[in-house]
> 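Sharing a structure below in structure tokens format, with a few things to ask.
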Protein chains: 2
Amino acid sequence: MLLTSACKYGIQATIYLGMQKDDSFVSIKKIAEEFTIPFHFLTKVLQLLTQAGIVESTKGAKGGVRLGKDPDAITLFDIIAVIDGEGIFHDCMLGLPGCGLNTPCPAHEFWAPIRTKYEKSARAISLKDLASDTIRKNLRIGK
Amino acid sequence: MLLTSACKYGIQATIYLGMQKDDSFVSIKKIAEEFTIPFHFLTKVLQLLTQAGIVESTKGAKGGVRLGKDPDAITLFDIIAVIDGEGIFHDCMLGLPGCGLNTPCPAHEFWAPIRTKYEKSARAISLKDLASDTIRKNLRIGK
DNA sequence: TGTAATTAAGACAAAATTGTCCGTTATTTG
DNA sequence: CAAATAACGGACAATTTTGTCTTAATTACA
């Protein structure tokens, strides 16, 4: 599995937040219902993103979450890195510590270019890209 | 995580089998020690590969495992598909069923090319490639 | 000021993955 | 044939991930 469920949920939620017209807060419950994500689980995922500054939150009535930065300044890489860690972008396919150009594993030549392409693409695509695409082409994010 | 531990172990073991000079059986215990893999766990992984015909086994003294086909005829794709399934090569990044050209998710354009490159490369690289590289360049597979 | 709404935080449960152990079956060798 | 070896198969334990529940803290609003 490429991404954990937690990370998939986080990406869905942040794209949804990126699609909002104004900067008012959206309740986590709303997002959870929208995409059929377990509410309390999503809460924890969004807390991670909040701690990282990608998301902002307020408690109480009319509270909820919204993006903590310009959607243009948040990349897919950022979100994945916060929730799943940067491992997928850097680690050896076989899990060998120290695998690299100097002391590669047998799969290094195979995996390194793909990993690099993945990282570059993930760093190049922003939440704004994803959200505006979703609106423009009327894509579904979940369900 | 891209590959499960089970799959990493399976790849290490099969590369090792591909490196053997003759077609005699290697005991699973030997392989487990070589790469510090939990013995009984490796046993189960190799059983999967045996059931799939990628590996052959015999019980008893002088028993063990060896490749079940020409190393040239076994690809990295085959091994991953047997142990982790083909999902990683085909599935939507966000896990949406039915995501594809017709009804893409917002990440489809991002992920599909990477996924395809991954699959093509994995289908193009054989155990013979991996094993001969390992021998020629004296690479480490584990530890 | 009090009530409803909503995130935060922690404990706990369920499920999946990983790892361990033991008895059975099959094979070689003395 | 007996003993040693080694894969097979099932049960079980540990760990991680995923999901649920409850209480506390904070905010808006009547």
Side-chain angles (χ1 to χ4, degrees), chain A residues 1-14 17 24-68 80 82-85 87-88 94-95 142, chain B residues 1-14 17 24-68 80 82-85 87-88 94-95 142:
Chain A
M1 189 199 332
L2 182 76
L3 301 176
T4 61
S5 297
C7 196
K8 289 175 195 165
Y9 296 157
I11 294 170
Q12 292 177 327
T14 46
L17 291 178
S24 60
F25 291 93
V26 180
S27 79
I28 300 176
K29 182 153 163 282
K30 178 86 185 304
I31 305 175
E33 280 166 3
E34 189 72 21
F35 304 124
T36 329
I37 300 173
F39 168 70
H40 293 285
F41 193 58
L42 179 57
T43 284
K44 290 179 201 321
V45 174
L46 287 171
Q47 274 171 33
L48 282 176
L49 293 168
T50 301
Q51 286 156 20
I54 290 172
V55 161
E56 273 179 11
S57 70
T58 61
K59 297 178 178 178
K62 298 274 175 176
V65 290
R66 69 181 176 202
L67 293 183
I80 295 172
V82 164
I83 303 174
D84 279 355
I88 186 73
L94 300 181
Chain B
M1 191 198 331
L2 181 78
L3 301 176
T4 61
S5 297
C7 196
K8 289 175 194 164
Y9 297 157
I11 293 170
Q12 292 177 327
T14 46
L17 291 178
S24 60
F25 291 93
V26 179
S27 80
I28 299 176
K29 183 152 163 283
K30 177 84 186 302
I31 305 174
E33 280 166 1
E34 189 73 19
F35 304 125
T36 330
I37 299 172
F39 168 69
H40 294 283
F41 192 59
L42 180 58
T43 284
K44 290 180 202 319
V45 173
L46 286 171
Q47 274 170 34
L48 282 177
L49 293 169
T50 300
Q51 286 156 21
I54 290 172
V55 161
E56 273 178 13
S57 70
T58 61
K59 297 178 178 177
K62 298 272 174 179
V65 290
R66 69 181 176 202
L67 294 184
I80 295 172
V82 165
I83 303 174
D84 279 354
I88 187 70
L94 300 181

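Just so you know, these numbers use all the heavy atoms, side chains as well, and skip hydrogens, waters and symmetry mates. Numbered from 1 within each chain, the chains take letters A, B, ... in sequence-line order. All values reported here derive from a predicted model rather than from experimental measurement.
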> Considering heavy-atom distances to DNA chain D, does A:Leu3 or A:Lys59 have its closest nucleotide positioned more toward the 5' end?
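Nearest nucleotide further toward 5': that of A:Leu3.
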
> Using a cut-off of less than 4.0 Å, is there contact between a side-chain N or O of A:Tyr9 and OP1 or OP2 of D:dT18?
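For A:Tyr9, the contact criterion (side-chain N or O under 4.0 Å from OP1 or OP2 of D:dT18) is not met.
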
> Starting from P on C:dT7, measure out to CZ on A:Phe41 and report it in whole angstrom.
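For the pair A:Phe41 CZ and C:dT7 P, the rounded distance is 17 Å.
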
> Of A:Ala61 and B:Val26, whose closest DNA chain D nucleotide lies nearer the 5' terminus?
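First, find each residue's nearest nucleotide; the 5'-ward one identifies B:Val26.
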
> Report the distance from atom CG of B:Leu42 to atom P of C:dT20, rounded to the nearest whole Å.
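Taking CG of B:Leu42 and P of C:dT20, I get 12 Å after rounding.
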
> Please give me the minimum heavy-atom distance between B:Lys8 and B:Leu3, naming the atom from each residue.
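The answer is CE-O, 3.7 Å.
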
> At under 4.0 Å between heavy atoms, what does A:Ile28 touch on the DNA or RNA strands: base, sugar-phosphate, or nothing?
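The residue A:Ile28 makes sugar-phosphate contact but no base contact.
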
> How many whole angstroms separate atom CD1 of A:Ile37 from atom P of C:dT7?
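After rounding, the reported distance stands at 13 Å.
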
> Please pick, from D:dC29, D:dC8, C:dA9, the nucleotide with the shortest atom-to-atom distance to any side-chain atom of B:Ser57.
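Closest nucleotide among those given: D:dC8.
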
> To the nearest angstrom, how far is A:Met1 atom CE from C:dA16 atom C1'?
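So the CE-C1' distance, A:Met1 to C:dA16, works out to 9 Å.
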
> If you measure from CD1 on A:Ile11 to CD1 on A:Ile83, what distance do you get to the nearest 0.5 Å?
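Going from CD1 on A:Ile11 over to CD1 on A:Ile83, the span is 6.5 Å.
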
> NA contact type, A:Gly63, heavy-atom cut-off 4.0 Å: base, sugar-phosphate, or nothing?
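Sugar-phosphate contact only - A:Gly63 comes under 4.0 Å of backbone atoms but never of a base.
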
> Could you work out which one of D:dT20, D:dC8, D:dT18 sits closest to the side chain of A:Ala6?
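That would be D:dT18.
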
> If I take atom NZ in residue B:Lys44 and atom C1' in nucleotide D:dA6, what distance separates them, rounded to the nearest angstrom?
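After rounding, the gap between these two atoms is 14 Å.
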
> Give the rounded distance in Å between these two atoms: CD1 of B:Ile31 and P of D:dA7.
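Nearest whole value for this atom pair: 8 Å.
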
> Can you see which heavy atom on A:Lys62 is nearest to which on A:Phe25, and at what distance?
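So the minimum-distance heavy-atom pair works out to O-CB, 3.9 Å.
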
> Kindly list each side-chain donor-acceptor pair under 3.5 angstrom involving residues 28-53 of chain B, sequence neighbours excluded, with atom names and distances?
{"residue": "B:Lys30", "atom": "NZ", "partner": "B:Tyr16", "partner atom": "OH", "Å": "3.2"}
{"residue": "B:Thr43", "atom": "OG1", "partner": "B:Phe39", "partner atom": "O", "Å": "3.2"}
{"residue": "B:Thr50", "atom": "OG1", "partner": "B:Leu46", "partner atom": "O", "Å": "2.7"}

> Rounded to the nearest Å, what distance is computed from the NZ atom of residue A:Lys29 to the P atom of nucleotide D:dT20?
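Atom-to-atom, A:Lys29 to D:dT20, this comes out as 15 Å.
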
> Between B:Lys8 (NZ) and C:dT17 (P), how many Å, whole number?
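My rounded result for the distance is 14 Å.
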
> Within the structure, does a side-chain N or O atom of A:Ser27 lie under 4.0 Å from either OP1 or OP2 of C:dA5?
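Result: no.
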
> Specify the closest pair of heavy atoms between B:Asp84 and B:Leu2, including all atoms of both residues, with the distance to one decimal.
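What the structure gives for the nearest pair is OD2-O, 4.4 Å.
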
> Would you say A:Thr58 reaches D:dT26's phosphate, i.e. side-chain N/O to OP1/OP2 under 4.0 Å?
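No, because none of the side-chain N or O atoms of A:Thr58 sits under 4.0 Å from OP1 or OP2 of D:dT26.
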
> D:dT18 phosphate, OP1 or OP2: any side-chain N/O from A:Ser5 under 4.0 angstrom?
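Result: yes.
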
